[in-house]
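Being a predicted model, the structure only gives us computed values, none of them experimental.
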Amino acid sequence: MLASTYQPVLTTSLRRRYLPNMKEGENFIFTSTATDDYNCCSWALGNDEENIILYTAEGAYDTRLSSYVDYYKSIGFRECKDGEFREGYSTIVIFALGDEFTHVARRKDSTTWASKLGEWEDIEHSDLDSLSGDYYGNPVIFLEMKNP
Amino acid sequence: MKCSFNKEQRFQFNSQEMHPSEKRIHSEGYFEPPSESKAEREFNKRVINLYDSLHHIVIGSASLAIEREFKELSQKWKDETGLYSTPMQKVNDTYLEIIAKGKPYVPLILKDLQKGGSFYWHIALKAITGQNPVPNNDLKNSKVVKTAWIEWGKRNKLI
């Protein structure tokens, strides 16, 4: 639980500039303080101990959408038609701008998604439109994996 | 007798401006520079202090200007890319501008890391210094990355 005095790094001003569809208290709430201990890619797997960073075969940083899809498939996810919550499954959604990966969120329950916003806070959001726009682009693929 | 200053000696007597009787003594080899009077010592001391103060002001101003510039650029970069999760997206135009500033920025970046700044600074630090104290396998661990660079900065007396 966040302290009521916590001042988010993702200020209202920055939200208006980059994620204008986010309305605190309406379609999202902050659930953590800002940290770079983990990123959205690891948080989508419930991992808060490291940043998942993909590299090309040549060793360059990889931001291709296809590489992130392949990565999640390689650990057991498979494509699904929508992001509806299914008991016993982990569901994630990948955002992209064109062919470039930008963000990944995971289903928390039937009404909520969980996201780690870059190096900043974790949030829970009620829809995917709240993160859609010029910065993250749009949700482009849903993936799910049966929980062990 | 007049005196003048130069960078090395700070204070020196100018024989060209000596009184004729002093010149004569000097040319005959009997001259010994007069010892500084109390007033001269005091004067010299003040001049040296003034010189040091001006030096600190000039150097300090330049340093403050660089710090201010770094603060503005780094805040701009954080605002622009804080929501991103991949290194390539972090390296935007502002980040490249920071890298282009070169070595004067290294201590400032390291100090930012000490205060909990972004672990993505490691890309700029590597680009500017040509060093890489973080094993590639540890680049996913922000704490390890920050600690390695901070320790590197201390070893190289940059922070």
What about [X] and [Y], same hydrophobic cluster or not, with Ile/Leu/Val/Met/Phe/Trp/Tyr joined at side-chain heavy-atom distances under 4.5 Å?
{"X": "I123(B)", "Y": "I150(B)", "answer": "yes"}
{"X": "F70(B)", "Y": "I99(B)", "answer": "yes"}
{"X": "M88(B)", "Y": "V145(B)", "answer": "yes"}
{"X": "V69(A)", "Y": "V140(A)", "answer": "yes"}
{"X": "L14(A)", "Y": "F30(A)", "answer": "yes"}

Chain B contact via L117(A) - which portion, at a heavy-atom distance below 4.5 Å: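 It is both, since atoms from each part get that close.
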Contact origin within L10(A) toward chain B - heavy atom pairs under 4.5 Å: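 The answer is the side chain of L10(A).
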Flag if over 12 foreign heavy atoms under 6.0 Å of CE, M145(A):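 Buried by this count: over 12 neighbours within 6.0 Å.
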Between chain B and chain A, which donor-acceptor atom pairs come closer than 3.5 Å, counting both backbone and side-chain atoms?
unit_1	atom_1	unit_2	atom_2	d
D36(A)	O	S142(B)	OG	3.1
D36(A)	OD1	S142(B)	OG	3.3
D36(A)	OD1	K146(B)	NZ	3.2
D36(A)	OD2	F119(B)	N	3.0
D36(A)	OD2	K146(B)	NZ	3.0
D37(A)	OD1	S142(B)	OG	3.1
D37(A)	OD1	K143(B)	NZ	3.3
D37(A)	OD2	K143(B)	NZ	2.8
N39(A)	ND2	S85(B)	O	3.3
N51(A)	N	K140(B)	O	2.7
N51(A)	ND2	K140(B)	O	3.4
F101(A)	O	Q89(B)	NE2	2.5
G118(A)	N	L83(B)	O	3.3
E119(A)	N	G82(B)	O	2.8
E119(A)	OE1	S118(B)	OG	2.6
E119(A)	OE2	K90(B)	NZ	2.7
E119(A)	OE2	S118(B)	OG	3.3
Y135(A)	OH	E80(B)	O	2.6
Y136(A)	OH	L83(B)	O	2.6

